[in-house]
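I have placed the structure first, in the form of structure tokens, so that the comments after it can refer back to it.
What's counted below: heavy atoms across the whole structure, side chains too, no hydrogens, waters or symmetry copies.
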Amino acid sequence: MSDHPRTITLPAVQLPVLETDVLVAGAGTAGCIAAIAAARQGASVILIEKLPVPGGTYTNGGIGANSFYAMSTDPSTAKRVVGGIPYELNQRLVDLCGGTGYYPTPNDPHHNPYRFVGDHEIYKGVISQMLLEAGITVYLQTTCYDVLTENGKITAALIANKDGCSAIAAKQYIDASGDGDLARFAGLEQIDMWQDYHTVSGGSTGLVFGMAGVDIDRMVKENPQGAVMLSSAELDVPGMCAEQYAFTTMKDPERYQAISALEMRPFTSMSSIHKGEMTYINNSKGVDCDATKALDYSTAELKMRVKIMQFANALKTTVPGFEESYINWAAIQLGVRASKITICDHMTSLDEITSATRFEDEIGLFGFEDLMSYKHPEYEIKDPGFYGFPYRMLLPKGCGNLLMAGRCVTTDIKAHMSTRNVPGCQVMGQGAGVAAALCAKKDCTTRELSYPVLRDALLAQGVILE
């Protein structure tokens with residue numbers, strides 16, 4: 001759009017109104033868990049999602065739901081710190097041959113004692129089934145384009161879909177959009193984080209894809225300077241394997257010049273969960289963009305589709321083992337690591353994470369820091385290897401009936417490298433869902449909710465708090 005676009009005055013319209021106890025915006029990693037938690041707590045729930053399938057980042061594939069355990073180099077003694085609905089979800093994936101289960105990784109550079117990888121297609125079915133079982137009203141291919149506010153509360157969210165435009169009036173709202181859309185429309189304080197994400201990761205975006213027809217044994221044997229197996233395990237899950245690889249162009253840049261020319265990170269993560277395919281190929285250097293701006297986001301999406309096509313072709317022409325390979329799937333959307341962060345009552349810091357800080361109002365525990373490595377031991381979480389998520393981290397300043405969940409919290413960019421990961425977002429989702437349902441039932445604001453009541457409800461849903 002230009003800086004001075006034309007404007008059109010719309011005629012006054014009356015929108016149909018849907019009423020519910022809890023509205024969850026975004027059926028992603030955090031939002032699906034939030035909706036299920038709220039429904040199980042007895043609330044009526046509407047869940048809206050811009051995509052045609054629920055699941056969010058998990059459906060992008062290759063997102064290891066690691067970090068269900070405290071940081072440790074000894075899997076035999078590692079404590080599991082994530083339970084509740086996220087753990088139930090993973091167990092359902094395994095039961096349907098759609099998850100590797102938790103296999104030990106004692107040599108993991110992040111000191112992550114177990115790794116879990118889910119099949120993105122089976123996940124779509126499992127999470128859909130859980131949403132249906134919970135009795136949630138789900139609107140897919142639905143966008144929230146504005147909210148109405150009054151006296152420090154949201155009174156309605158305005159949505160558009162195949163039915164046209166309508167409004168949802170809820171008692172409580174959960175912003176699990178990833179970008180903090182509800183908070184932004186409500187005029188709450190936010191900061192941009194995406195511009196600096198290259199300082200801690202490959203960039204603010206990425207796009208995962210997979211290739212079938214790969215001779216993985218040849219890839220490792222005939223590319224000794226490029227390919228290395230990081231972990232593997234024998235599984236009891238029919239049709240699945242668990243192999244994790246890293247591929248680098250650094251040691252032989254001339255041989256892999258076709259890949260290096262694509263301006264990607266020198267290291268690419270690769271995982272195989274089905275024999276004969278490199279199921280998940282993830283080079284974290286995507287196109288930097290503000291994912292809250294429609295044209296910027298759309299352009300980045302197009303550029304990344306071109307880049308993975310070029311990357312796949314470069315693998316076929318330069319890496320032995322990939323000669324007969326082909327792209328057999330690509331993520332349904334651009335993966336966004338960071339965009340806008342909403343200012344909440346508590347903003348988790350890196351020091352709190354590495355110091356294993358606990359809080360008096362915890363809604364869950366977490367034990368992972370993506371920056372931790374052999375070269376950066378200063379990012380290790382001290383004993384017992386996990387820290388707490390305070391309820392206050394979900395409460396945006398300036399609104400009494402909105403909770404945030406997912407990657408749209410945490411302004412400390414190095415702390416964000418912990419909290420944005422899949423299980424962390426799921427923990428926030430369950431905490432937000434239970435809290436929203438309780439607030440709706442008690443007709444109170446999010447800050448008036450008694451923490452002992454919230455704690456008891458979380459424990460009843462299987463959340464681990466000790």
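Annotation: ring-ring contact (aromatic ring centres under 6.0 Å, His included) contacts of Phe386 (sequence neighbours excluded): none. In this view, Asn401 satisfies the side-chain hydrogen bond (donor to acceptor under 3.5 Å, both in side chains) rule with no residue, not counting sequence neighbours. For Lys50, there are no salt bridge (Lys or Arg N to Asp or Glu O under 4.0 Å) partners at least two apart in sequence or on another chain. Residues passing the ring-ring contact (aromatic ring centres under 6.0 Å, His included) test with Tyr379 are His376, sequence neighbours excluded. Residues passing the salt bridge (Lys or Arg N to Asp or Glu O under 4.0 Å) test with Glu362, sequence neighbours excluded: Arg358.
Screening Pro104, Pro75, Ser67 for a side-chain contact (heavy atoms from CB on, under 4.5 Å) with Pro113, the sole residue that qualifies is Pro75.
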Report task. Would you please test Arg40 and Glu88 for salt bridge (Lys or Arg N to Asp or Glu O under 4.0 Å) and show each step? Result -> CA-CA 14 Å; Arg40 290 184 180 180; Glu88 175 192 337; 2.8 Å; yes

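Nearest heavy atoms, Thr279 versus Ser272: OG1-CA, 3.6 Å.
The list of salt bridge (Lys or Arg N to Asp or Glu O under 4.0 Å) pairs with a residue in residues 414-426, not counting sequence neighbours, reads Asp370-Arg420. Applying the salt bridge (Lys or Arg N to Asp or Glu O under 4.0 Å) definition to pairs two or more places apart or across chains, those involving residues 451-465 are Arg455-Glu466. Note on residues 297-306: pairs passing salt bridge (Lys or Arg N to Asp or Glu O under 4.0 Å), not counting sequence neighbours, are Glu301-Arg305. Residue pairs that meet the ring-ring contact (aromatic ring centres under 6.0 Å, His included) test with at least one member in residues 387-426, sequence neighbours left out, are Tyr197-His416, Phe366-Phe389, Tyr387-Phe389.
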Could you pull out all donor-acceptor pairs under 3.5 Å where a side-chain atom in residues 334-346 meets a protein atom, sequence neighbours excluded?
from	atom 1	to	atom 2	distance (Å)
Arg337	NH1	Gly203	O	3.0
Arg337	NH1	Thr205	O	2.8
Arg337	NH1	Ser284	O	3.0
Arg337	NH2	Ser284	O	3.4
Ser339	OG	Asp179	OD1	2.5
Ser339	OG	Arg407	NH1	3.1
Lys340	NZ	Asp192	OD1	2.7
Thr342	OG1	Gln190	NE2	2.9
Asp345	OD1	Arg447	NH2	3.1
Asp345	OD2	Arg447	NE	2.8
Asp345	OD2	Arg447	NH2	3.4
His346	NE2	Glu352	OE1	3.1
His346	NE2	Glu352	OE2	3.3

Ignoring hydrogens and angles, write down the donor-acceptor pairs under 3.5 Å from the side chains of residues 149-167, residues two or more places apart or on other chains.
from	atom 1	to	atom 2	distance (Å)
Thr155	OG1	Leu148	O	3.2
Asn161	OD1	Asp163	N	2.9
Asn161	ND2	Thr142	OG1	3.1

Can you give each donor-acceptor pair under 3.5 Å made by side-chain atoms of residues 422-433, sequence neighbours left out, with the distance rounded to 0.1 Å?
from	atom 1	to	atom 2	distance (Å)
Gln430	OE1	Ile85	N	3.1
Gln430	NE2	Gln461	OE1	2.9

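A salt bridge does not link Asp95 with Arg92: none of the charged nitrogens is closer than 4.0 Å to a carboxylate oxygen.
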